Amino acid sequence: MAERPEDLNLPNAVITRIIKEALPDGVNISKEARSAISRAASVFVLYATSCANNFAMKGKRKTLNAGDVLSAMEEMEFQRFMVPLKESLEVYRREQKGKKEARKDKDKKADSEEQDKSREEDNDDDDERMEEEEPNEEEEVDN
Amino acid sequence: AEMAARLSENRLVSLPLSRIRVIMKSSPEVSSINQDALFLTAKATELFVQYLASYSYKHGRGKEKNALTYTDLSHTAEECETFQFLADILPKKILASKYLKMLEKEKQDGEVGEDDEEDEEDEDETVG
């Protein structure tokens, strides 16, 4: 799939909010700084992905998994992220499990048309919930 | 731990996973990404944004105390090893006039000019 340049950027509003959460109240962020951080974040994703992929390849796997990403963080010297990442992952897994069970129940009840939600394992089908509030800052690409 | 994992609006992650996925897949060697890995990458990116912003603000030598500027960020990329991978995309800026002077000096001396400290960011045309 061909990516347009804007697809490799992250939504400005979200980036701005995350930055504001990290700084003391009342501190301004220049537009240039915000844009630079956004680019840095995209570069971070690429770097982390490449690093994680090396771990996957070492393990002779074609699918990147959680362990690969965690190993990548350590390799990139972001050990400080390990604890918050692991905690978040636990919460995330529980949430996903809860959703799956809720869907199973729904399936049992209604045989009729249900929205096609889950496809393959590694699809980000649960995105919709997380993206709900961004009102078209940029066109979202939905898989 | 659950409380800590959530952001101020009680979400687990704010960055859209689908967009993160697009960026990850733009890497040619990557075949597939499992859901947990996608989530972790998004979350790590948020932590990274916060770390970059707060670090740059704390260590910025910029004159502005109540703002985070581009200069603060490019200082961080140059001086902090952890952020050195950003050096190419956050280059220091210098005034065009200074750059031209540097070039001239290089011609005259036959030496490599030293990096000048950058100045104001906006009005003047800058060279990266």
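Computed from a prediction, not measured in an experiment: that's the story for all the values here. Letters A, B, ... mirror the listed sequences (proteins, then strands); counts begin at 1.
By the neighbour-count criterion of 12 heavy atoms within 6.0 Å, atom CD of A:Glu101 is densely surrounded, having more than that number from other residues, nucleotides or ligands.
Heavy-atom distances place the side chain of B:Leu73, and not its backbone, under 4.5 Å from chain A. Only the side chain of B:Leu52 comes within contact range of chain A, with heavy atoms under 4.5 Å apart. Neither the backbone nor the side chain of A:Arg34 comes within less than 4.5 Å of any heavy atom of chain B. In this structure, chain A has a heavy atom under 4.5 Å from the side chain of B:Leu86, while its backbone stays farther away. Both the backbone and the side chain of A:Asn65 come within contact range of chain B, with heavy atoms under 4.5 Å apart. Of the two parts of A:Val69, only the side chain, counted from C-beta on, holds a non-hydrogen atom closer than 4.5 Å to a non-hydrogen atom of chain B. Heavy atoms closer than 4.5 Å to chain B are found in both the backbone and the side chain of A:Ile18. For a residue to count as touching a neighbouring chain, one of its non-hydrogen atoms must lie under 4.5 Å from one of that chain's; by this rule B:Leu90 touches chain A with the side chain only.
Distance CG/B:Leu68 to CD/A:Glu32: 11.0 Å, rounded to 0.5 Å. Atom CD in A:Glu87 sits 11.0 Å away from atom CG in B:Leu12 (nearest 0.5 Å). Note: A:Tyr92 OH to B:Leu38 CG = 6.5 Å, rounded to the nearest 0.5 Å. The distance from atom CD1 of B:Ile33 to atom CG of A:Asp68, rounded to the nearest 0.5 Å, is 11.0 Å.
Cluster membership for A:Leu89 and A:Phe55, using ILVMFWY side-chain heavy atoms within less than 4.5 angstrom, is not shared. Each of A:Met57 and B:Val30 belongs to its own hydrophobic cluster when Ile, Leu, Val, Met, Phe, Trp and Tyr are linked at side-chain heavy-atom distances under 4.5 angstrom. Follow the hydrophobic side-chain contacts under 4.5 Å out from A:Met82 and you reach A:Leu64 in the same cluster.
Between B:Glu46 and A:Arg17 there is no salt bridge, since none of the side-chain N atoms of the basic residue sits less than 4.0 Å from a carboxylate O of the acidic one.
Between B:Gln50 and A:Ile19 the shortest side-chain heavy-atom distance does not fall below 4.5 Å. Side-chain contact check for A:Pro24 versus B:Tyr57: some heavy-atom pair is nearer than 4.5 Å. The closest side-chain heavy-atom distance from B:Ile23 to A:Thr49 is not below 4.5 Å.
Here B:Ala37 is the residue among B:Ser27, B:Ala37, B:Ala42 with the most heavy-atom pairs under 4.5 Å with chain A. With respect to chain A, the highest number of heavy-atom pairs below 4.5 Å among B:Ser56, B:Ala77, B:Ala44 belongs to B:Ala44. For the options A:Arg61, A:Arg80, A:Glu90, A:Lys31, heavy-atom pairs under 4.5 Å to chain B are most numerous at A:Arg80.
Annotation: residues 38-48 of chain A contacts chain B through A:Arg39, A:Ala40, A:Ala41, A:Ser42, A:Val43, A:Phe44, A:Val45, A:Leu46, A:Tyr47 [non-hydrogen atoms, separation under 4.5 Å].
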Legend entry - Full working for side chain to side chain contact (heavy atoms under 4.5 Å, CB included) between B:Tyr70 and A:Ser35: CA-CA 9 Å; B:Tyr70 177 87; A:Ser35 154; over 6 Å; no
Inset, instruction - Could you walk me through whether A:Ile29 and B:Thr69 pass the side chain to side chain contact (heavy atoms under 4.5 Å, CB included) test, one step at a time? - result: CA-CA 6 Å; A:Ile29 306 130; B:Thr69 63; over 6 Å; no
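Between A:Phe78 and B:Phe48, the ring planes are perpendicular. Angles over 60° get that label, and only those under 30° would be called parallel.
The two residues A:Ala22 and B:Ser54 come nearest to each other via the heavy atoms O-CB, 3.8 Å. Across all their heavy atoms, B:Ala53 and A:Ile37 have their closest contact at CB-CD1, 4.2 Å.
The salt bridge (charged side-chain N to carboxylate O under 4.0 Å, His left out) contacts involving residues 29-45 of chain B comprise A:Arg93-B:Asp36, where partners must be two or more places apart or lie in separate chains.
A donor-acceptor pair under 3.5 Å is absent between the side-chain atoms of B:Arg19 and the main chain of A:Leu8, judged by distance alone.
Counted by atom type alone, A:Thr63 and B:Ser32 present one or more donor-acceptor pairs between their side chains at under 3.5 Å.
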